[in-house]
Amino acid sequence: MGEEKKVGAGVWPTVKPFVNGGASGMLATCVIQPIDMIKVRIQLGQGSAVSVTKNMLKNDGVGAFYKGLSAGLLRQATYTTARLGTFRILTNKALEANDGKPLPLYQKALCGLTAGAIGACVGSPADLALIRMQADNTLPLAQRRNYTNAFHALYRITADEGVLALWKGAGPTVVRAMALNMGMLASYDQSVEFFKDNLGFGEGATILGASSVSGFFAAACSLPFDYVKTQIQKMQPDAQGKYPYTGSLDCALKTLKAGGPFKFYTGFPVYCVRIAPHVMMTWIFLNQIQKLEKKAGL
């Protein structure tokens with residue numbers, strides 16, 4: 001009996017960062033999904049945030065804002081579980097190696113890069129399903145895939161295109177995730193230290209301030225990669241079966257030639273508004289989950 005308890009006590013601290021990270025990310029996604037939907041429509045060239053919102057309400061109703069929610073939740077259950085759990089494990093190991101002293105920013109950035117890459121590899125199939133479901137209504141009727149939910153999307157992609165198609169666009173997804181997590185996780189931990197130690201902020205103000213800072217840097221670092229990733233994942237072959245882009249680099253070069261560097265920042269205000277609240281709510285939910293665990297003695 002005592003041996004069972006010891007095994008359980010050893011397993012939970014290891015899996016806890018992953019469970020908590022996934023749960024907080026899924027809760028945040030339930031709130032952010034409408035903004036994410038608008039962001040994708042803007043990137044697909046359907047107009048400004050105001051016009052996209054009006055058209056969605058007029059043509060499809062309120063339900064359109066939650067198109068792809070199942071894929072979004074599945075993405076958080078895989079991607080965010082892996083990245084936040086991995087980041088905390090890596091930073092804890094780095095702290096041990098650093099004799100408990102605060103980590104320099106470059107070490108936090110390296111941990112964020114690594115966690116982002118691992119999380120993206122795990123979450124790429126769900127991310128592909130999410131993008132396709134969100135973009136489906138923008139396609140001509142004959143080209144729509146009409147996925148009913150995330151699992152149906154994954155099944156259809158596997159059946160129609162093969163298992164490896166689940167990782168279509170995984171290259172830009174991984175790079176985007178590395179950039180986003182470097183900006184988000186490293187700046188968040190750094191900002192927490194600054195607001196708490198240097199400015200003497202309380203817990204609530206520290207989380208709010210640090211989340212805002214990390215949300216901005218996450219958006220600024222990742223949007224160019226997110227733009228390319230979205231274009232790759234939603235592209236359709238023409239009548240001759242030819243795709244508009246041969247890969248991520250081709251997409252980036254053609255985008256740069258056609259619209260210049262600022263084309264990659266299409267929809268930045270909405271993207272930033274989407275990223276920052278999600279980051280803030282993820283950390284707030286995570287903080288609340290950890291408090292409940294302490295009360296429960298976990």
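Position 1 is the first residue of the sequence; numbering continues from there. The analysis underlying the following values was restricted to heavy atoms, covering all of them including side chains, and did not include hydrogens, waters or symmetry mates.
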Count the heavy atoms belonging to other residues, nucleotides or ligands that lie under 6.0 Å from [atom1] of [X], then report whether that count exceeds 12.
X	atom1	result
Lys16	NZ	yes
Leu164	CG	no
Phe18	CZ	yes
Lys254	NZ	yes
Phe217	CZ	no

Does the side chain of [X] reach to within under 4.5 Å of the side chain of [Y], using non-hydrogen atoms?
X	Y	result
Leu208	Met280	yes
Gln231	Tyr245	yes
Phe225	Ser248	no
Thr282	Leu84	yes

Decide whether [X] and [Y] meet the rule of one side-chain donor and one side-chain acceptor closer than 3.5 Å.
X	Y	answer
Ser211	Ser214	no
Tyr271	Thr266	no
Glu193	Asn198	no
Thr86	Arg83	no
Gln107	Asn98	no

Report the residues that fulfil ring-ring contact (aromatic ring centres under 6.0 Å, His included) with Tyr147, sequence neighbours left out, ordered by chain and then residue number.
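ring-ring contact (aromatic ring centres under 6.0 Å, His included) check on Tyr147 returns nothing, list empty.
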The criterion is ring-ring contact (aromatic ring centres under 6.0 Å, His included); which residues satisfy it with Phe268, sequence neighbours excluded?
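ring-ring contact (aromatic ring centres under 6.0 Å, His included) list for Phe268, sorted by chain: Tyr265.
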Give a yes or no on whether a salt bridge exists between Arg132 and Asp127, defined as a side-chain N under 4.0 angstrom from a carboxylate O.
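Answer for the salt bridge query: no.
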Could you state whether Val19 and Leu292 fall into the same hydrophobic cluster, counting links through intermediate Ile, Leu, Val, Met, Phe, Trp or Tyr residues with side-chain heavy atoms under 4.5 angstrom apart?
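No, separate clusters.
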Report yes or no: do Leu69 and Phe285 belong to one cluster of Ile/Leu/Val/Met/Phe/Trp/Tyr joined by side chain heavy-atom distances under 4.5 Å?
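In one cluster with Leu69: Phe285, yes.
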